[in-house]
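Everything below concerns the one structure shown next.
Within every chain, numbering begins at 1; the chains are lettered A, B, ... in the order of the sequence lines, protein sequences first and strands thereafter. Heavy atoms only: backbone and side chains are in, while hydrogens, waters and symmetry mates are out.
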Number of protein chains: 4
Amino acid sequence: MQSIEKLVKNPSFNTFIILIILLNGVVLGLLTFDLSPGVSAVLKVIDGLCLVIFCIELTLKLVAYRLNFFRGGWNIFDLVVVVIALLPATGGLSVLRALRVLRLMRLVTAIPSMRRVINGMFAALPGGASVAAVLFIMYYVAAIIGVNFFSKTVPQHFGDLGTTFFTLFKMMTLEGWPDIATVVMEQHPRAWVFFVVFIVFTTFTTLNLLFGIIVDAMEQAKESDVRELLAEQGIEVTEVSAELRLVKIEEDVSQIRAMLEQMSGKDKAKPS
Amino acid sequence: MQSIEKLVKNPSFNTFIILIILLNGVVLGLLTFDLSPGVSAVLKVIDGLCLVIFCIELTLKLVAYRLNFFRGGWNIFDLVVVVIALLPATGGLSVLRALRVLRLMRLVTAIPSMRRVINGMFAALPGGASVAAVLFIMYYVAAIIGVNFFSKTVPQHFGDLGTTFFTLFKMMTLEGWPDIATVVMEQHPRAWVFFVVFIVFTTFTTLNLLFGIIVDAMEQAKESDVRELLAEQGIEVTEVSAELRLVKIEEDVSQIRAMLEQMSGKDKAKPS
Amino acid sequence: MQSIEKLVKNPSFNTFIILIILLNGVVLGLLTFDLSPGVSAVLKVIDGLCLVIFCIELTLKLVAYRLNFFRGGWNIFDLVVVVIALLPATGGLSVLRALRVLRLMRLVTAIPSMRRVINGMFAALPGGASVAAVLFIMYYVAAIIGVNFFSKTVPQHFGDLGTTFFTLFKMMTLEGWPDIATVVMEQHPRAWVFFVVFIVFTTFTTLNLLFGIIVDAMEQAKESDVRELLAEQGIEVTEVSAELRLVKIEEDVSQIRAMLEQMSGKDKAKPS
Amino acid sequence: MQSIEKLVKNPSFNTFIILIILLNGVVLGLLTFDLSPGVSAVLKVIDGLCLVIFCIELTLKLVAYRLNFFRGGWNIFDLVVVVIALLPATGGLSVLRALRVLRLMRLVTAIPSMRRVINGMFAALPGGASVAAVLFIMYYVAAIIGVNFFSKTVPQHFGDLGTTFFTLFKMMTLEGWPDIATVVMEQHPRAWVFFVVFIVFTTFTTLNLLFGIIVDAMEQAKESDVRELLAEQGIEVTEVSAELRLVKIEEDVSQIRAMLEQMSGKDKAKPS
């Protein structure tokens, strides 16, 4: 048991898995080309072997960590993408055949610096939750207004709620919105109000959301960089942000000043 | 009277209203599908009940707060969207039928964290007012130039001031501007100057405007976060911004230094 | 002479000119509509009167400031747009007829807060000059490569240097570039390298340029806001930027510490 | 030997080369026009002379710096673009004929302020390497999924891995993606999931990457500006970033406070 844990925690083990993922990535890439049946068969065997290795790897980790295995979000992600690859790709599940490629995303989970990028993004998401919710409400309201006004006259874009959501998503990327607007405005000349209001509000809110998340993630990364650097120098950081640190300094400095003024006053008073 | 105020200020009351808005949102969403007449009738009844509850809610608030009710921008917004839903949707007002969905925007006003997002945006707007005014003047001048030059030859895009404004808005989103430019340049080969100048200037000014507002809103949010954190620790903040705080510290520190130099001089002088 | 200077510097004089510009803007806007000959004639008379007022205004300013008048960039701008409106709009100069609308841009020069926005942009331009030069060289090289490769096969987009510059400008706004790429790649299958490299490099450099200018302008605006606030409180600012201020504080603080350590040592030494 | 080094390091030498590059740029630009054979021949001679001068310049530099020449990335770039211009432009190498224009990029390497812009971008690249790797993995996985699902039904966009990569690049610029989506969704109605997920994730990651690099480059530029300014004033900078500087100040200030409190306590204790 302990020897399994040692094996799993060995850095070489992780390096080996990274190499297997890379190999599997190359194989899956090659399989998209028109190959002779022989080559294709060999590649499929290698692909199968990679999958077997992933299964063994995850089994070993399950044995080593037991229920703790399920505490790490990355482990669950690894498990899900490998299980998807094992499912029979028939009937209603045929879509899963293509999703087997998601296995390659394991590269992100296996290399620490890339895992940090994704972690940073996820850590910044909650800060954007309120903005995202406002954006979703705007969307939902715009979609219902769109269906109510245009579902009869422009069914290709606003036929039902699903179609309308997709149309609004297209419009949010600004791609081809004038074409949609032209079609709609032939029937509803004043519909430009809807389009202009929707575009101005969602573009602004989306930019706000993206910015908020990106800036947040950057600042957190910078903070943790500073912490690491200071930890190396043996300095413990007490305040959490530059803003708070500044306030703390301000307070200290003004108290120092007051103390000095008192001392200086006493000094002056002493001789008399 | 006082019991009404108590009821209205009760957090459970707000939670109840939020649930009703969510229910209404689901109902209005379902009504966009083709439903059997029976289901549709039931949903319309629920929709009507939601509206009745909103009316009662606002009446209670009016009774409780009286004229103070009209001091809050959110209250007025709530009142307007509910009154819109009550108006008869016939004749010239048929457009209001669809706008009844705006009621769902009340969710934003009812949930504090989302209200804060919108408040933040509005608070940052004045800072962008000058840039927005410059942008509007650019627009207006470009629109008049567009009409004067192209109204005869390209009436579909520059026929009158309204059409031209819409064309320029399309061009500002950069969507399909080469198509418009191609049509115009068949008649006016040198019109590329107009398009290039317009796109460079408005794109830059718009980005400037959006950035200014978003960065402003972020900084204000950060400031108020710091204030809250400090208030919890019992520290009162004296200076308003990080910049000012820094200047204050600089002044204090240089005065402390001067005082110390004087004291140190006196100390040296004393023994002699 | 002095009374003219007084008049010109009187705030009411500026307010009056702003009102005339606004009136002129409304008139020029109305003139874009199809009006009855009578109304149109009246509007043209008002337009002429506005122009006369501007001429008188600028003459007064010229008399009051003499050659100093030409030191202010805004004055020169005012003069140019008014002179354009006076030129006879015939023959080769007919384009100037439409440019008479540029007069309305005087609103930006007349209102201080809007003038500050434009000043801020111009002040930030030098910082972006190097990036802009790099961008221009990329453009020029890409244009010559484009003409050399594609001028024979795709003359509609790459026929000569001018056409190619316009095509590359379209591609930099990303608008319709796949259509251009498709046409070119029918003849030159490997031309995707040109398009991908051009788009990646110019998009990145353009973003870099815009960002640099906007962030620069914002920081300068913030700095001058802080200065104003401090001037009101009677504090003189010594260091120019937050960064420098921080370094100054750091130096002062470490010297204070050294002085205190010395004093504390002397204090300890005294009793013995 | 030494006289060659002196010549090469002489600022006038660099200025002369810059002028030659500018001349060559003008010549190469003029050659894109339809010219009379005589003018064209003269221009080609000038072009050849410029190339000869570049060869002499690089030879002199090679003689002066010997192997150190290859240590500077800019020197290697200069050498490569000049060698490309010397290669015979026949057969499979005919593409190199057009690439001779890359020589003009030498202007960037010859002017220090522009070289700094490019250096800044390259210096900021490593910080974005992890994000770029995540982006590439997303791309690769999306490309394989695209080929697996759509290669049979939509070969014009997803026929093989190369075509799919180009299609995904188009989609990342958001240009024309609704057209591609419409074609695909005629065959695969649920393909909108693929498009929406791909666009949301890659747009966000790309923005993250661009932002990270640009902000990084800006901060490094600001830091080095501050350093230069301080060096002029004879101040040595000890800490590397504003964040670290702040932490250092905080620590110093709190120690000063402690020392003063101790001294003040001793002072009080003395009289007794």
Side-chain angles (χ1 to χ4, degrees), chain A residues 25 28-29 31-34 95 97-105 107-108 111 113-114 116-118 120-121 162 166 169-170 173-176 179-180 210-211 213-215 217-218 221-223 225-226 229-230 235 237-239 242 245-246 248-249 252-253 255-256 259-260 262-263 266-267, chain D residues 127 129-131 133-134 137-138 140-149 151 160-161 164 174-179 181 185 190 192 194-196 199-200 203-205 207-208 211-212 215-216 219 240-244 246-254 256-257 260-261 263-264 267-268 271:
Chain A
L28 285 169
L31 276 170
T32 64
F33 292 96
D34 277 329
V95 75
R97 192 186 199 100
L99 293 184
R100 285 187 313 161
V101 187
L102 286 178
R103 234 184 300 167
L104 303 182
M105 296 297 281
L107 202 58
V108 176
I111 300 177
S113 71
M114 287 162 79
R116 225 174 292 142
V117 170
I118 303 287
M121 289 181 189
F166 192 56
F169 181 75
K170 280 186 213 164
T173 68
L174 296 179
E175 201 42 45
D179 302 336
I180 299 171
L210 289 176
F211 253 64
I213 293 176
I214 292 172
V215 170
M218 273 181 193
K222 216 199 274 172
E223 270 299 308
D225 278 7
V226 170
L229 255 165
L230 291 171
I235 302 174
V237 185
T238 48
E239 293 304 333
R245 219 166 271 151
L246 211 52
K248 188 87 180 296
I249 293 174
D252 270 9
V253 165
Q255 289 197 5
I256 292 172
M259 278 158 71
L260 276 175
Q262 207 195 348
M263 282 169 71
K266 231 178 352 199
D267 261 37
Chain D
S130 302
V131 184
V134 170
I137 294 175
M138 282 181 183
Y140 191 71
V141 168
I144 294 182
I145 291 180
V147 174
N148 286 356
F149 274 133
S151 66
D160 55 56
L161 207 57
T164 306
L174 296 179
E175 200 42 44
W177 79 264
D179 301 336
M185 281 166 71
R190 278 185 235 145
W192 61 267
F194 176 74
F195 290 103
V196 171
I199 284 172
V200 167
T203 307
F204 182 71
T205 313
L207 267 180
N208 211 334
F211 253 64
V215 170
D216 234 50
E219 276 174 10
V240 276
S241 78
E243 283 284 312
L244 278 174
L246 210 52
V247 174
K248 188 88 181 296
I249 294 174
E250 193 191 9
E251 219 197 17
D252 270 9
V253 165
S254 69
I256 291 173
R257 193 181 161 173
L260 276 176
E261 272 166 4
M263 282 170 70
S264 151
D267 260 36
K268 271 185 199 146

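Annotation for D:Val141 and A:Met105: closest pair CG2-SD, 3.8 Å, computed over non-hydrogen atoms. Contact record, D:Pro178 with A:Glu175: CD-CG, 3.2 Å, taken as the closest heavy-atom pair. Listed here is the closest heavy atom pair of A:Val117 and D:Ser130: CG2-CB, 3.5 Å. A:Met114 and D:Ile137 get closest at one heavy-atom pair: CE-CD1, 2.9 Å.
Ranked by heavy-atom pairs under 4.5 Å with chain A, the first of D:Val200, D:Leu174, D:Val147, D:Ile199 is D:Leu174. Of the listed residues (A:Asp179, A:Ile256, A:Ile111), the greatest number of heavy-atom pairs within a distance under 4.5 Å of chain D belongs to A:Ile256.
Inter-residue side-chain proximity for D:Leu207 and A:Phe211 is flagged as unmet; no heavy-atom pair is nearer than 4.5 Å.
Contact annotation for D:Val196: both backbone and side-chain heavy atoms come within less than 4.5 Å of a heavy atom of chain A. Contacts of D:Ala129 with chain A are absent, with no heavy-atom separation under 4.5 Å from either backbone or side chain.
Taking CD1 from A:Ile118 and OG1 from D:Thr205, the interatomic distance works out to 6.5 Å, rounded to the nearest 0.5 Å. Atom NZ of A:Lys170 and atom CZ of D:Phe195 lie 10.5 Å apart (nearest 0.5 Å).
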Check your understanding: When you look at A:Val101 and D:Tyr140, which way does the side-chain contact (heavy atoms from CB on, under 4.5 Å) test go after all the steps?
Key -> CA-CA 9 Å; A:Val101 187; D:Tyr140 191 71; over 6 Å; no

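For the side-chain contact (heavy atoms from CB on, under 4.5 Å) criterion with A:Thr32, the lone passing option out of D:Ile144, D:Asp160, D:Thr164 is D:Ile144.
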